[in-house]
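Only heavy atoms go into these numbers, but all of them, side chains included; no hydrogens, no water, no symmetry mates. Letters A, B, ... mirror the listed sequences (proteins, then strands); counts begin at 1. Fair warning: this is a prediction, and the values are worked out from it, not measured in the lab.
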Protein chains: 2
Amino acid sequence: MQQGIQLILNNISKIVSLTKEEQDLFVSKLQYIEYKKKEFFLHEGQFSNELNFIIEGCVLVYYTDHSGFSHLIQFAIEDWWVGDIASSTHNKPTQLNIQAIEKTKVLRISKDDLEYVFEAIPKLERFFRILVQKRVANLQQRIISSLSKTATERFIEFREQYGFLENRITQLQIASFLGVTPEFLSMIRRKLNSSKK
Amino acid sequence: MQQGIQLILNNISKIVSLTKEEQDLFVSKLQYIEYKKKEFFLHEGQFSNELNFIIEGCVLVYYTDHSGFSHLIQFAIEDWWVGDIASSTHNKPTQLNIQAIEKTKVLRISKDDLEYVFEAIPKLERFFRILVQKRVANLQQRIISSLSKTATERFIEFREQYGFLENRITQLQIASFLGVTPEFLSMIRRKLNSSKK
DNA sequence: GTAAATACTTAAGCTAGCTTATTTTTTTAT
DNA sequence: ATAAAAAAATAAGCTAGCTTAAGTATTTAC
């Protein structure tokens, strides 16, 4: 856990610098949690009242539609933040599922504590504002790609951006993220491989 | 313009409450600008260093791909904020075009002034954090829809959410927002109309 | 007020991506 | 180590949504 605290403070210090006292206050609000592989952080219909920082592991954020198909909205690994901003901003039950796909260690802060530290340490509110802005940039890029690119182009873009994940998540999950069937992704991969040599 | 200032202060007061002095400081940083129909706020390749609040009018935010096709990322009307968060967060030239499609009046604040007022009035940083969170919720919903719904379902959802815009933007623009061709949208509309009666 | 430009509709043929089904490979649990 | 489960590949037939093209309606600009 001690290493995790170093990691989270380091993550924050890339954007804002906190004094020792501010760090201690923030850290005092963190809860350390471990999830086993396949365990859920959050189920559809629950209220999302926490934000999680991943120390170790990998989680998926997905939406399950009325026909039971899952659609991968986001994934997160160590040194990333994960939570349902939509649910906690609008105080509505989440539509999403958040699930560990490896043994995962997180530091968690509740919504109430987060609001408290924002009040006490405005620099932290700045940090989170910038974090959320980066998320906007990321989501917007994904919309641009979904509107203007073919599945093959989106797969190539995925590899460039998230290639380091290719051994941690399955083809099924990549297909779900790209918005194609696994069968079609398999075809895309075959075509790319044969044209490569 | 005076009315515009009332509108913007009102918009902010729905989320945070400012003292008279704080309001005055914020307002002193605002610039009033008018655009004619078809004029651009921002062209692809430029740097986005402003945030705009629309007092009156309607603007489109779109991406133009390498084949010259436009894809509508966002639209905004009076009482909405518009800018390119991605470009200004990452200090990169924008990929987007922002264009007025009606005579449009805005109040604008530069990125530098915004950072200054965030420092001086932390409540304003909170306001913008929450504004950006709402944008995340909106973009995420759009990704969920694009992954899990057919074009017809997305059009019905568009009408429910943005029906009030149907007389201000064209079918071409709606098609571009939904990610279908105008011809196909025309077919969808015909089917929906014939099944309605 | 009128010509030109733009938006919208319709329809026929086409293709990217889906469905279903089978086989092979890899992972998981005991 | 092995059986069961899950993931991945291949292939044939299908469909939502695209392309092209031509015609009609509406806006725009002078």
Please tell me whether [X] and [Y] have a donor and an acceptor in their side chains that are separated by less than 3.5 angstrom.
{"X": "B:N49", "Y": "B:S110", "answer": "no"}
{"X": "A:Q171", "Y": "A:R189", "answer": "yes"}
{"X": "B:Q141", "Y": "A:Q95", "answer": "yes"}
{"X": "B:N11", "Y": "B:W81", "answer": "yes"}
{"X": "B:E160", "Y": "B:Y162", "answer": "no"}

(request) Starting from C1' on C:dT10, measure out to CD on B:Q171 and report it in whole angstrom. (result) 15 Å
(request) Among B:Y62, B:F164, B:F177, find the residue that satisfies the ring pair (Phe, Tyr, Trp, His ring centres under 6.0 Å) test when tested with B:F75. (result) B:F177
(request) Determine the sole option in B:F127, B:F128, B:F26 for which the ring pair (Phe, Tyr, Trp, His ring centres under 6.0 Å) test with B:F118 is passed. (result) B:F128
(message) Does anything in residues 175-188 of chain B come within less than 4.0 Å of DNA chain C? Heavy atoms only, and list the residues if so.
(response) B:E183, B:S186
(request) Under 4.0 Å from any heavy atom of chain A: name the first and the last nucleotide of DNA chain D that qualifies, 5' to 3'. (result) D:dA7 to D:dA11
(request) Tell me which of B:T152 and B:K38 sits closer to the 5' end of DNA chain D, going by the nucleotide each one is nearest to. (result)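 Closer to the 5' end of DNA chain D: B:T152.
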(message) For a quick test of reading the model: is some side-chain N or O of B:T170 closer than 4.0 Å to OP1 or OP2 of C:dC8?
(response)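 So the side-chain polar atoms of B:T170 do come within 4.0 Å of the phosphate oxygens OP1 or OP2 of C:dC8, strictly under.
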(message) C:dC8, OP1 or OP2 - any side-chain N/O from B:R190 closer than 4.0 Å?
(response)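 Answer is no, no contact under 4.0 Å.
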(message) Under a 3.5 Å distance rule, please check whether B:K111 uses its side chain to pair with a backbone N or O of B:S88 as donor and acceptor.
(response) yes
(message) Just to be sure I understand the rule, does B:T150 reach a base, reach only the sugar-phosphate, or reach nothing, if contact means heavy atoms closer than 4.0 Å?
(response) sugar-phosphate
